[in-house]
2 protein chains.
Amino acid sequence: MARVRLIDVAELAGVSMKTVSNVVHNYPHVAPALREKVQAAIDQLGYRPNLTARRLATGRTGMIALAIPEIDHPYFSELSRHIAEEATRRGYRVIIEQTLSDPVAERAVLSDREAGLVDGVIFHPVRMESLDIAKLDPGTPLVLLGEAAMPVMTDHVMIDNISAALDATRHLLARGCRRIAFLGVIAADITGSTNQRLLGYQQGLLEAGVQLDPELVFTALEFTAEAGLRSVAEAIERGVCFDGVVSRDDRFAIGALKALHDSGRSVPADVAVVGWDNTFLAAYTSPTLTSVAPRKTAIAAAAFDLLEERIAGYRGVGRHRIVGHSLEVRESAPFAP
Amino acid sequence: MARVRLIDVAELAGVSMKTVSNVVHNYPHVAPALREKVQAAIDQLGYRPNLTARRLATGRTGMIALAIPEIDHPYFSELSRHIAEEATRRGYRVIIEQTLSDPVAERAVLSDREAGLVDGVIFHPVRMESLDIAKLDPGTPLVLLGEAAMPVMTDHVMIDNISAALDATRHLLARGCRRIAFLGVIAADITGSTNQRLLGYQQGLLEAGVQLDPELVFTALEFTAEAGLRSVAEAIERGVCFDGVVSRDDRFAIGALKALHDSGRSVPADVAVVGWDNTFLAAYTSPTLTSVAPRKTAIAAAAFDLLEERIAGYRGVGRHRIVGHSLEVRESAPFAP
DNA sequence: CCGTCAATGTACAGCGCTAGAAAGATGTTT
DNA sequence: AAACATCTTTCTAGCGCTGTACATTGACGG
């Protein structure tokens with residue numbers, strides 16, 4: 001099963017390697033007859049160019065790395081899908097790097113692991129801070145996703161979290177909710193996203209003249225539905241009274257729905273719930289879940305736009321692209337009557 | 001930002017390239033003093049080996065391709081995660097190839113796309129048949145997942161679908177269900193999995209002496225929760241009477257739960273439901289979903305075992321590994337009282 | 001005090017492909 | 001028919017690293 005090389009084809013066809021290469025690349029300036037002959041040789045031998053060698057010669061790999069915390073988090077798997085499709089469209093392949101939110105793994109994404117392997121990296125950090133990233137930035141084109149860190153020199157794509165949280169909160173206020181909880185602040189979470197969402201939530205309450213109540217900020221232990229469930233269940237046990245929930249993550253919201261259901265509360269009549277990320281789950285919970293919807297395809301497209309400019313040689317300061325969002329209104333928090 | 005090469009380090013340290021290479025690889029037979037000196041040069045220049053070049057020289061890429069229909073299908077995203085983790089454990093990186101169940105894309109996976117790029121391919125085909133695969137098999141080590149096709153020469157990992165469907169059906173029968181539906185046969189689905197699951201379902205009914213009723217085999221249009229919902233809703237409208245559902249996919253089951261809920265039926269009192277794949281969703285529906293659970297970590301491990309043997313040079317006939325499964329019993333179909 | 005053998009280190013030929021320079025072929029113009 | 005312009009095709013120097021074959025060194029026994 002010895003691999004067929006360019007030179008083997010060239011010999012069989014009785015031409016030079018470069019001519020074969022020209023045929024493979026569909027370059028002009030190859031006489032039709034010759035082209036046909038070479039093609040026949042290619043087919044006969046079943047020649048396939050060795051991409052590694054091509055890479056070494058051209059310096060471009062045609063691959064980008066996508067580094068995300070968890071492949072199987074619905075938000076990230078949906079985002080991955082869009083990124084993969086955008087990549088295909090633009091002629092790249094994607095290698096997926098799962099960091100599991102581990103600082104060491106995140107660091108590895110930016111350090112020696114990727115040298116010469118990929119043309120660029122799209123990275124959704126969770127634990128690394130701006131300074132870390134700035135220090136490690138290896139010269140490989142890099143675009144960051146999410147809100148964890150935003151070094152000055154690095155490109156960045158995100159949604160306007162404050163305004164999105166504001167929208168969600170206003171939506172609940174319009175329904176008449178006055179005791180609105182925010183789920184969930186996470187102890188180990190140093191990312192900016194939660195803070196920004198919390199900020200938007202607070203801003204919404206303030207502009208409606210509703211008093212902030214620290215008791216209504218629910219803490220979760222980790223990013224799972226289970227944690228969301230527990231957090232809400234405990235709040236209920238503590239006797240906290242609330243009629244609305246803005247959840248920073250669909251999975252938390254799903255846990256919340258379950259906790260509310262278990263405690264005999266009805267959604268949205270007793271408590272209205274808004275989730276975040278508008279993952280496909282949102283359409284299949286009972287009741288279906290109103291959710292903040294980042295435009296994932298737009299995120300993928302913007303990330304690639306920035307990345308390709310970097311790959312093409314742009315060396316300037318970081319650009320920060322804000323991508324649109326909307327509120328997908330479903331049963332858990334319908335429009336005000 | 002000129003890249004630092006091995007030879008640059010060698011010059012700075014005043015040694016040969018090979019010695020630097022030896023230090024990088026931690027080979028023995030490098031005097032400690034020299035090693036230190038070389039290491040200093042490496043650090044000073046910030047040298048990072050170029051993986052593409054290393055690949056060309058060694059012939060090994062350290063990457064495998066994972067080709068699946070959809071990244072964001074919960075089953076595949078969970079499977080991907082296990083594969084990614086197994087890959088990390090064994091020193092491989094994963095490049096993910098999304099086929100979207102498109103025959104052309106599936107074909108591309110096995111043809112020129114991956115030549116020389118990866119050491120092996122793990123492929124979950126949907127539309128390609130055994131013969132196609134056998135014809136295209138490019139010599140790159142290959143392991144198939146799922147039941148769509150099983151060419152004689154190719155390795156294969158799957159669960160025993162017949163027996164799993166049998167378990168699910170028996171479980172419902174034990175609860176006293178007698179009008180058990182099978183959801184969902186798909187028109188465009190030529191894969192073996194559905195057939196095998198249907199077979200196990202029928203076998204279960206027969207051994208319990210329950211008459212088969214073609215009316216109880218529900219058809220869906222595509223692999224979405226929406227299609228499952230519609231399929232069940234239409235059956236209800238048609239006046240089909242049933243007290244149990246074996247669903248070939250969790251997403252269908254989720255749709256079914258919703259359809260049943262919408263029609264005022266209670267689960268599991270009126271209709272008991274069993275899903276398939278035990279994706280994390282199953283734990284967060286209301287009611288939670290009993291589901292057939294393939295051992296995903298075992299699938300990942302088995303796939304890598306086979307693949308690594310192929311990479312190591314095994315050239316024999318295809319091995320077929322059956323991986324264990326279980327039935328995760330939750331609220332939608334609890335144990336018989 | 002020399003020959004021998006490990007232990008270290010060096011030199012260099014590839015890995016397979018690309019791309020630009022140079023050469024060859026063909027056709028056109030005067 | 002010579003001179004020139006235009007296509008085609010060949011030649012060949014890398015891309016950066018690895019592994020083999022060979023050179024050097026120093027230690028040690030005879």
Side-chain angles (χ1 to χ4, degrees), chain A residues 1-39 41-42 45-63 112 114-119 138-140, chain B residues 1-39 41-42 45-63 112 114-119 138-140:
Chain A
M1 190 66 62
R3 283 202 55 70
V4 182
R5 293 158 311 157
L6 199 56
I7 196 169
D8 301 325
V9 178
E11 263 163 29
L12 177 64
V15 299
S16 77
M17 281 169 58
K18 174 67 179 178
T19 300
V20 180
S21 172
N22 283 343
V23 172
V24 169
H25 287 283
N26 245 316
Y27 280 179
H29 306 316
V30 177
L34 229 207
R35 160 160 281 143
E36 217 162 290
K37 188 161 128 202
V38 171
Q39 188 59 54
I42 289 176
L45 295 176
Y47 170 70
R48 314 238 180 80
N50 180 317
L51 299 189
T52 304
R54 176 179 293 170
R55 270 162 202 191
L56 184 56
T58 60
R60 285 202 56 233
T61 71
M63 300 209 301
D112 64 338
E114 309 306 336
L117 216 191
V118 294
D119 294 333
T140 307
Chain B
M1 189 66 62
R3 284 204 54 69
V4 181
R5 293 158 312 158
L6 199 55
I7 197 170
D8 301 325
V9 178
E11 264 163 27
L12 177 63
V15 299
S16 77
M17 281 169 58
K18 179 61 185 181
T19 299
V20 180
S21 171
N22 285 340
V23 171
V24 169
H25 287 283
N26 246 315
Y27 281 179
H29 306 316
V30 177
L34 229 206
R35 160 160 281 143
E36 216 161 290
K37 187 160 130 203
V38 171
Q39 188 59 53
I42 290 176
L45 295 175
Y47 170 70
R48 311 234 181 83
N50 180 317
L51 298 192
T52 304
R54 177 180 294 171
R55 270 164 202 190
L56 185 56
T58 58
R60 287 204 54 234
T61 71
M63 299 209 301
D112 63 337
E114 311 308 337
L117 217 191
V118 295
D119 295 333
T140 308

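Everything numeric here is computed off the predicted structure, so don't read it as measured data.
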* Asked: Could you give the CD-to-P distance, from B:Glu11 to D:dC17, as a whole number of Å?
  -> 13 Å

* How far does the helix from C:dC1-D:dG30 to C:dT30-D:dA1 bend, going by the axes of its first and last five pairs, to the nearest 10°? -> 60°

* In Å, rounded to the nearest 0.5 Å, how long is the span from CG of B:Leu56 to OG1 of B:Thr61? -> 12.0 Å

* For A:Val23 and A:Ile42, work out which heavy atoms get closest and say how close. => CG1-CD1, 4.3 Å

* Taking all non-hydrogen atoms of both residues into account, name the closest pair between A:Val15 and A:Val38 and its distance. => CG2-CG2, 4.1 Å

* Structure fact -> Separation between CE (B:Met17) and CG (B:Leu6), nearest 0.5 Å, reads 4.5 Å

* Asked: A:Thr140 and A:Val118: which non-hydrogen atoms are nearest, and at how many Å?
  -> CG2-O, 4.1 Å

* A:Thr52: which of B:Thr52, B:Leu51, B:Leu117 passes side chain to side chain contact (heavy atoms under 4.5 Å, CB included) -> B:Thr52

* Asked: Which parts of nucleotides 10-17 of chain C does protein reach within less than 4.0 Å, heavy atoms only, written one letter per nucleotide 5' to 3' as B for base, S for sugar-phosphate only and - for none?
  -> BB--BBBB

* Asked: Can you find a pair of side-chain heavy atoms, one from B:Arg54 and one from B:Val24, that are under 4.5 Å apart?
  -> yes

* Atom of A:Arg35, atom of A:Asn22 and distance for their closest heavy-atom approach -> NH2-O, 4.0 Å

